[in-house]
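Note on naming: letters A, B, ... go to the chains in the order of the sequence lines (proteins, then strands), and numbering restarts at 1 for each one.
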Amino acid sequence: MTSVPELPEVETIRRQLEPRLVGRAIVDAGSHPSPKFTPAIELVGATFEAVRRRGKFLLLGVDDDRELVIHLGMTGRLRPGADFDDPYLRAWWRLDDGATIGFSDVRRFGRIRVAYNHRYDGTLAVLGPEPFDDSFTPDHLYRSLRSSSRHLKTQLLSQRPVAGVGNIYADEACFRAGIHPATRRISRPRATALHEAIVHVLRQGVDNGGTTLRDYLDADGRSGANQHHLHCYGRYGEPCVDCGTVLRRSTIDGRTTTWCPTCQTR
DNA sequence: CATGTCGCCTGCGAGC
DNA sequence: TGCTCGCAGGCGACAT
């Protein structure tokens, strides 16, 4: 069992960093030599003006429309108080109030870059709507999912139908909606149910301060509480909370997936 | 353009 | 108990 920072975990960190960063200038910075992390030092001298989030990306904006774009990858942690004895410290920033921020990442799947004038590339450039925005509607979800015949789970992980869903919340949302994750064509009523489920599981994740399984800790080094509310993810071999059927596990397009063979239908 | 495959990383659990 | 081996997984590069 592992865990990955998804939207609720990144939002939890965003809320904790915001009051510590806004209005603070960067007086020094350092990074691991990998080009995945060296952009961390590019904004020395600039002042943070906003701490935003898009999907699983943190956008730390400074006063001249540049942004530090940070993705936590699999094992990334971003927190106040850089630990310089941590062998996995990949980047750090020192602020004009003397505080430090550290980015620690065991597996180095995380990534830091600088964006200019809100121009993005890669996944960030094609990200779907934020799940809590008015633009994320059942109709949008239906049309987005119908535009591709890939497995439902794969589409959700692509970040295009909606931003911020990873393996945990994809499984949880499919379970709540009663839809098999390998479905390729979804009906309008089921898209509406899935829309409700996505918003619900992500909102619950945020309200619980994120999910802690093994790797994830929030900006203050605390764990979240959402792992106590998971109905599906990581519970293969255990009984379904709704019907008692043993939950099944397989891979869909290479991603481990858990589902209830009774409650979730194609 | 849509889709599919591979590589990046390293700790750790399964199995012997 | 001690060891090896392969899994886990979001994203981006690349091929078709």
Side-chain angles (χ1 to χ4, degrees), chain A residues 1-11 13 31-40 53-59 68-78 86-91 103-115 119-128 130-131 143-174 181-185 198 202 205 210-217 227 230 232-238 248-259:
Chain A
M1 186 182 293
T2 181
S3 82
V4 177
E6 302 183 29
L7 185 149
E9 292 71 39
V10 177
E11 176 60 22
I13 292 171
S31 85
H32 182 278
S34 164
K36 287 180 172 184
F37 305 110
T38 52
R53 177 193 56 72
R54 272 288 278 139
K56 306 174 198 174
F57 293 85
L58 276 169
L59 306 174
L68 214 42
V69 178
I70 299 177
H71 195 289
L72 300 176
M74 302 283 295
T75 55
R77 299 177 190 175
L78 191 61
D86 174 7
Y88 306 117
L89 186 70
R90 308 304 186 189
F103 181 72
S104 179
D105 184 10
V106 171
R107 292 188 198 173
R108 285 193 261 157
F109 272 33
R111 190 184 175 98
I112 298 171
R113 36 191 159 154
V114 174
R119 294 176 55 86
Y120 309 117
D121 54 15
T123 300
L124 187 52
V126 297
L127 222 46
E130 284 296 312
R143 284 187 285 105
S144 176
L145 292 174
R146 275 300 185 117
S147 73
S148 164
S149 60
R150 305 197 77 184
H151 294 123
L152 170 59
K153 170 87 176 261
T154 303
Q155 291 204 58
L156 291 176
L157 296 182
S158 78
Q159 307 299 299
R160 288 170 181 261
V162 59
V165 175
N167 214 24
I168 298 173
Y169 296 97
D171 278 7
E172 291 298 309
C174 288
T183 297
R184 288 185 185 271
R185 291 176 77 250
I198 290 168
L202 291 175
T211 298
T212 296
L213 295 174
R214 192 179 63 216
D215 295 319
Y216 166 76
L217 295 173
Q227 62 276 13
L230 299 180
C232 180
Y233 179 86
R235 293 193 65 247
Y236 62 92
E238 296 178 37
R248 207 171 282 171
R249 179 179 71 162
S250 70
T251 52
I252 295 175
D253 293 334
R255 298 298 173 226
T256 300
T257 302
T258 304
W259 80 97

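- Put simply, Y233(A) has no side-chain N or O that comes within less than 4.0 Å of OP1 or OP2 on dA8(C).
- Both K36(A) and Y88(A) sit near DNA chain B, but only K36(A) has its closest nucleotide nearer the 5' end.
- Heavy atoms of R160(A) sit nowhere under 4.0 angstrom from any nucleic acid atom.
- Atom CG in L127(A) sits roughly 8 Å away from atom P in dC11(C) (whole-Å rounding).
- Between T123(A) and dG10(C) there is no side-chain N or O to OP1 or OP2 distance below 4.0 Å.
- If you take CD1 of I112(A) and C1' of dC11(C), they are 15 Å apart, rounded to a whole angstrom.
- Distance, R108(A) CZ to dG11(B) P: 10 Å, rounded to whole Å.
- Put simply, the side chain of R255(A) and the base of dG10(C) share a donor and an acceptor less than 3.5 Å apart.
- Spacing between atom CZ of R107(A) and atom P of dG6(C) amounts to 17 Å, rounded to whole angstrom units.
- Among the nucleotides dG9(C), dG4(B), dG12(C), the one closest to any side-chain atom of R150(A) is dG4(B).
- In this structure, R53(A) contributes its side chain and G55(A) its backbone to a donor-acceptor pair below 3.5 Å.
- At a threshold of 4.0 angstrom between heavy atoms, the contacts of T154(A) with the nucleic acid are absent.
- Closest approach of I112(A) to L68(A), counting heavy atoms only: CG2-CD1, 4.0 Å.
- With dC9(B), dC11(C), dT10(B) as the candidates, the nucleotide lying closest to the side chain of V106(A) is dT10(B).
- As rounded to whole Å, 12 Å separates atom C1' of dG11(B) from atom CZ of F109(A).
- The side chain of T75(A) contributes no N or O atom lying less than 4.0 Å from OP1 or OP2 of dT10(B).
- dG12(C) atom C1' lies 7 Å from atom CZ of R111(A), rounded to whole Å.
- The CG-P distance, from L156(A) to dG10(C), rounds to 12 Å in whole Å.
- Looking at K56(A) and E9(A), no side-chain N of the basic residue comes within less than 4.0 Å of a carboxylate O on the acidic one, giving no salt bridge.
- Taking 4.0 angstrom as the limit, H71(A) places a side-chain polar atom (N or O) nearer than this to OP1 or OP2 of dC11(C).
- The side chain of Q159(A) places an N or O atom within less than 4.0 Å of a non-bridging phosphate oxygen (OP1 or OP2) of dC11(C).
- When rounded to the nearest whole Å, the span between NZ of K56(A) and P of dG9(C) equals 11 Å.
- Remark: T256(A) is in phosphate contact with dA8(C), judged by side-chain N or O atoms under 4.0 Å from OP1 or OP2.
- Here the side chain of R113(A) pairs no donor or acceptor atom with the backbone of V69(A) at under 3.5 angstrom.
- More than 12 heavy atoms of other residues, nucleotides or ligands lie within 6.0 Å of CZ in R54(A), so this atom counts as buried by the packing criterion.
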